[in-house]
Amino acid sequence: MKNLTKSIEGAMDLYPEAVRPVERSEVWSFLESKIREVMHRYGYSEIRTPILEYTSLIARGVGQNTDIVSKEMFTLERGRHSYVLRPEMTAPIMRSYIQHHLHQKPGVQRYFYMGPCFRAERPQKGRYRQFHQFGAEIIGTDDPRADAEIMTLMSEIFELFGISNQRLRINTLGDSDARSRYRDALVNYLTPFKEKLSQTSQDRLSRNPLRILDTKIEAEQTILEHAPLISEYISKDSLDNYELVKGFLTAVNIPFIEDPMLVRGLDYYCHTAFELEVDGIGAQNALAGGGRYDLLAPEIGAKHPIGAVGFAAGMERLILALNDCEEDLPCGPFTFEIWVIAIGESAHAAAFHVATQLRRSRFRVGMELGNRSLKAQMRLANHHKARYTILLGDQEIINETAIVKDMNTSEEESVDLIHIVKRITELLSHVSTSS
RNA sequence: GUGACCGUAGCUCAGGUGGUUAGAGCGCCAGGUUGUGGCCCUGGAGGUCGGGGGUUCAAGUCCCCUCGGUCACCCCA
């Protein structure tokens, strides 16, 4: 019998005060709000698309021969349709852009997103079956400043979180014409070495030869040393464009490493491609990646190419990279300004009333439910770092008062119940101005 | 999909070569204070040792299977 109280492999719960930062819900909301802030500052609006898409959209958009489509998709069949849990966000966003005629809006469109994606891989450090991506897209222009802006934005987000050892690697893949001519040249060069290549590389030689470039097998890297470079096949326009992108990056002090072997595993990329890596988060060291994808739109049904560039980053990997500076991440129990204590059942109603009044007055108020001793309730107030506790017992109910206790000084005062909100407001405004 | 290692309390982990009722620290609950937190002291709850099968007089410990986890290959965020 299957253990029913276990989440599925490679998918995790996020819950308060989890030991590992990557599972701690407070860490997630903290990071999400920071990311949102930066996105808004750069002028990006949030876009949310369904988690389910038609399988054909992803297959066409991402590319039939990619690893993602050929072996990593969670698909489900229902009736005559085949759906897929989205493995990435770019194709769905482009679909949405076309579907809602968003090109009709004035100016270029800037979008950001964050949410779960799914790939059926074996889980390991920094790689989960349900994982979360955040990213940004500029759609509607081929201006090289868009490429530079995307990388600048990406870099700033990681900089903001104190990730200083980031390395930005960039390359240009050229247009589709250059890519197909380069592809032929690479196949011509590699075919004589075919016997010396690994099985996967041999397969790729016919299906997706560019992917052989980022092999990690040393013998293959040696063979590739004298292979033709993609830069030799790229048009002058494209190279000029690449120079402009690099120039803009340099102008705003974004350091980068040019890597002519950098290729991307998704078919829709062309021209600018980039990857941001960092050490210390395991073998999956790519925090983010992206590039230009002008040809995605016609691939999924648009009449013409649509200039677009974007980046995608992994939330879980970001948190792993932050592990070292864990003191910057939220941890510990939820804190309250006020903790309301009822001593005995006769005080329950009054305590509930006081707590609700204060909550409606925008204070953060905690209260234990059930019948626990005063001592136990005080302990909870302390545990949650309440600044003041409000005590209500038999005597207070008779007098229509409450005891307000300052948890720092241990001083107590009696306050009429009708003035309780006013008094707490005074006390806490004093606290916030004096500290 | 392939490989290596690992599964003992809520958490972090002890439990040589099989041998009484499976332990510690932290956390949790209660008491020490008939209505007062943190510190301290005392006590308590909590484990089918991931699950199933086998070897044995005896299995947390050895063997097999299985389910998970972790890491790596591969690939990507």
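In the text below, chain A, chain B and the rest are named by the order of the sequence lines, each starting its count at 1.
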**Study point:** Nearest heavy-atom neighbours spanning Arg264(A) and Ala273(A)
**Key:** CG-CB, 3.7 Å
Point to revise | Polar pair under 3.5 Å, donor/acceptor by atom type, side chain Lys375(A), base rG32(B) | key: yes
Point to revise | Qualifying side chain to side chain donor-acceptor pair (under 3.5 Å) pairs with a residue from residues 344-355 of chain A, counting only residues at least two apart or across chains | key: Glu345(A)-Asn371(A), Ser346(A)-Asp394(A), His348(A)-Asn371(A)
**Study point:** Base-pairing string, 5' to 3', of RNA chain B - Watson-Crick or wobble, under 3.5 Å, | interstrand
**Key:** (((((((..((((.....[...)))).(((((.......))))).....(((((..]....))))))))))))....
Under 3.5 Å, which protein N or O atoms sit close to an N or O of nucleotides 7-14 of chain B? Give each pair with its distance.
none

**Study point:** Leu374(A) side chain, from C-beta outward: closest of rG35(B), rA30(B), rG32(B)
**Key:** rG35(B)
**Study point:** Check: His419(A) main-chain N/O paired with Asp416(A) side-chain donor or acceptor under 3.5 Å
**Key:** no
Review point. For RNA chain B, whose closest nucleotide is more 5', that of Lys405(A) or that of Arg379(A)?
Key: Arg379(A)
**Study point:** Pair Arg387(A) + Glu337(A): basic N to acidic O under 4.0 Å
**Key:** no
Point to revise | Distance between P atoms of rU61(B) and rU21(B) (Å, rounded) | key: 16 Å
Check your understanding: What distance, rounded to whole Å, do you find between the two P atoms, one in rC13(B) and one in rG54(B)?
Key -> 33 Å
Practice item. Output yes when Glu149(A) and Arg145(A) qualify as a salt bridge under the 4.0 Å nitrogen-oxygen rule, no when they do not. Key: no
**Study point:** Nucleotide-resolved protein contact map, nucleotides 69-77 of chain B, B/S/- at heavy-atom distance under 4.0 Å
**Key:** S-BBBBBBB
Check your understanding: Charged N to carboxylate O below 4.0 Å: is that the case for Glu411(A) and Lys405(A)?
Key -> no
Check your understanding: According to a strict under-4.0 Å criterion, is Arg372(A) in side-chain N/O contact with OP1 or OP2 of rA30(B)?
Key -> yes
Check your understanding: Are Asp142(A) and Arg292(A) close enough for a salt bridge, meaning some N to O gap below 4.0 Å?
Key -> no
Exercise for review: Can you check whether any acceptor in the base of rU36(B) is under 3.5 Å from a donor in the side chain of Glu412(A), or vice versa?
Suggested key: yes
Review point. What does Ala386(A) touch in the nucleic acid at a heavy-atom separation under 4.0 angstrom: a base, only the sugar-phosphate, or nothing?
Key: nothing
Exercise for review: For Glu277(A), report the nucleic acid contact type (base, sugar-phosphate, nothing); a contact means any heavy atom under 4.0 Å.
Suggested key: nothing
Review point. If the P atom of rU8(B) is compared with that of rG15(B), how far apart are they to the nearest Å?
Key: 14 Å
Point to revise | By ring pair (Phe, Tyr, Trp, His ring centres under 6.0 Å) - contacts of Tyr268(A) (at least two apart) | key: Tyr293(A)
Practice item. For rU20(B) and rC57(B), measure between their C1' atoms and round to the nearest Å. Key: 15 Å
Exercise for review: Take atom P in rG60(B) and the same atom in rU55(B), then report the distance between them in whole Å.
Suggested key: 16 Å
Review point. If you find the nucleotide of RNA chain B closest to Asn408(A) and the one closest to His383(A), which residue's nucleotide is nearer the 5' end?
Key: His383(A)
Review point. Base, sugar-phosphate, or nothing: which does Thr389(A) touch, judged by heavy atoms less than 4.0 Å apart?
Key: nothing
Study note, to complete from the structure: Here the distance between atom C1' of rG38(B) and atom NE2 of His384(A), to the nearest Å, is 14 Å
Review point. Do the numbers put Arg48(A) on top of the ring of Tyr111(A), so that NZ or CZ is under 6.0 Å from the six-membered ring centre and no more than 45° off the axis?
Key: no
Point to revise | Those residues that, when tested against Glu396(A), pass salt bridge (charged side-chain N to carboxylate O under 4.0 Å, His left out) (two or more places apart) | key: none
Review point. Can you tell me how far P in rC49(B) sits from the matching atom in rA9(B), rounded to whole Å?
Key: 10 Å
Exercise for review: Would you kindly give the CD1-to-P distance between Ile398(A) and rG35(B), to the nearest whole Å?
Suggested key: 15 Å
Point to revise | Closest non-hydrogen atom pair between Ser238(A) and Asp175(A), with its separation | key: OG-N, 4.5 Å
Review point. Should Arg86(A) and Glu53(A) count as an ion pair when the cut-off is N to O under 4.0 Å?
Key: no
